[in-house]
Amino acid sequence: MCRWAAYLGEPIFMEEVVVQPGHSLIQQSQEAEEAKTAINADGFGLAWYDHRPEPGLYRDVLPAWSDPNLRAIARQVKSPLFLAHVRASTGSATSRNNCHPFAYGRWSFMHNGQIGGFEQFRKRADMLIPDALYSQRKGATDSEVLFLLTIDAIGQGADVPEALTQATQALLALSHAHGTSPHLRLSAAMSDGQSLWAARCASDQHAPSVYYRWSESRQGWAVVSEPLDQSEGDWTCLPPGHIAQFSGKEVAVTAFQP
């Protein structure tokens, strides 16, 4: 299982989430506490927003703790909205194209979890991607298919919760027909450069964890797989089967049950 962290608020240096906290994302890449595996060494990525509508993107296949470029970028880049991810593969190859976050236009997306038995129906899943978006299919993960199907639904007029629900339902149906259990375990974050969404659900009792916290000192939201500092006790756990939208100082939590 992967670990991820996102931030929305007044601009901060990305190292304040990725590097500096006692249980930072880099620390979680070595010692995750709420995942099936403690090590997340199959690559990492950053997507951040600043002066342009589309996000900047930096991804590589090294373990997050061993890439000095990641620390250098996180130290220098200040952003009001960014997504960061460390990967533990559930079957697909370790390659840059399989690293999260994924980006298309102004949208960015990252995922932790699995669609059960995806390798058994990957061709069928790929065929769900419309021709207009198929050129964006760069890697081999279920996560990228989920993202592109969500983008397609948004393009057809769905809002983010409905689009992600439709995309998840399509892959869940393939898992039930051709895959294996558990058919779905999902935590995901998505942004359009203005708002941030985070979702959590599963087909069993093991939905991957998601927490969020508003910081008065930073004037921003941290949304994470695991709390960044265990001494800060005011993290809120997103309930399984829900999606949260963060905009400004507001958070709206609604049902998310594909």
| said: With a 4.0 Å cut-off on N to O distance, would you call Glu226 and Arg3 a salt bridge? | reply: yes
| field | is_close_aromatic(Tyr212, Phe246), centroid dist under 6.0 Å | value | yes
| request: Ignoring hydrogens and angles, tell me if any N or O in the side chain of Asp42 forms a donor-acceptor pair with the backbone of Thr94 under 3.5 Å. | output: no
| With hydrophobic residues grouped by side-chain heavy-atom distances under 4.5 Å, do Ile12 and Leu83 end up in a single group? | no
| Is it true that Lys138 and Glu144 make a salt bridge, defined as a side-chain N closer than 4.0 Å to a carboxylate O? | no
| said: Is the shortest side-chain heavy-atom distance between Ile73 and Tyr58 below 4.5 Å? | reply: yes
| message | Quick one, Ser247 with Ser195, criterion side-chain hydrogen bond (donor to acceptor under 3.5 Å, both in side chains). Give me CA distance, side-chain angles, the key distance, then yes/no. | response | CA-CA 5 Å; Ser247 299; Ser195 294; 2.7 Å; yes
| request: Taking Asn98 for its side chain and Gly139 for its backbone only, find out whether a donor-acceptor pair lies under 3.5 Å. | output: no
| said: Would you compute the distance between atom CZ of Arg106 and atom OH of Tyr49 and round it to the nearest 0.5 angstrom? | reply: 8.5 Å
| query | Arg96 side chain to Val61 main-chain N or O, any donor-acceptor pair under 3.5 Å? | reply | no
| note | To the nearest 0.5 Å, atom CD1 of Ile151 lies from atom CD1 of Ile129 at 12.0 Å
| Arg185 side chain reached by Asp204 side chain, heavy atoms, under 4.5 Å | yes
| Does Thr180 use its side chain to pair, donor to acceptor, with the backbone of Gly117 at less than 3.5 Å? | yes
| 4.5 Å side-chain heavy-atom contact, Leu164 and Phe109 | yes
| message | I'd like to know if the side chain of Ser175 and the backbone of Leu172 have a donor-acceptor N/O pair within less than 3.5 Å. | response | no
| Are Glu31 and Gln28 close enough that a side-chain donor and a side-chain acceptor fall under 3.5 Å? | no
| Do Ser24 side-chain atoms and Val17 backbone N/O form a donor-acceptor pair below 3.5 Å? | no
| Does any N or O in the side chain of Ser181 come within less than 3.5 Å of the main-chain N or O of His183, such that one atom is a donor and the other an acceptor? | no
| Is the backbone N or O of Gly43 less than 3.5 Å from a side-chain atom of Arg87, with the two atoms forming a donor-acceptor pair by type? | no
| query | Heavy atoms, side chains only, cut-off 4.5 Å: are Gln219 and Trp214 in contact? | reply | yes
| Below 4.5 Å, heavy atoms only, C-beta onward: do Met190 and Trp107 meet side chain to side chain? | yes
| request: For the residue pair Val210 and Ser225, establish whether any side-chain heavy-atom pair is separated by less than 4.5 Å. | output: no
| query | Is the number of heavy atoms from other residues, nucleotides or ligands under 6.0 Å of Gln194 CD greater than 12? | reply | no
| Are any of the side-chain heavy atoms of Val19 and Arg75 separated by less than 4.5 Å? | no
| query | Between His100 (side chain) and His111 (backbone), is there a donor-acceptor pair under 3.5 Å? | reply | yes
| query | CZ of Arg137: more than 12 outside heavy atoms within 6.0 angstrom? | reply | yes
| Hey, does Arg218 have a side-chain heavy atom less than 4.5 Å from the side chain of Tyr7? | yes
| Trp221 side chain to Gly248 main-chain N or O, any donor-acceptor pair under 3.5 Å? | yes
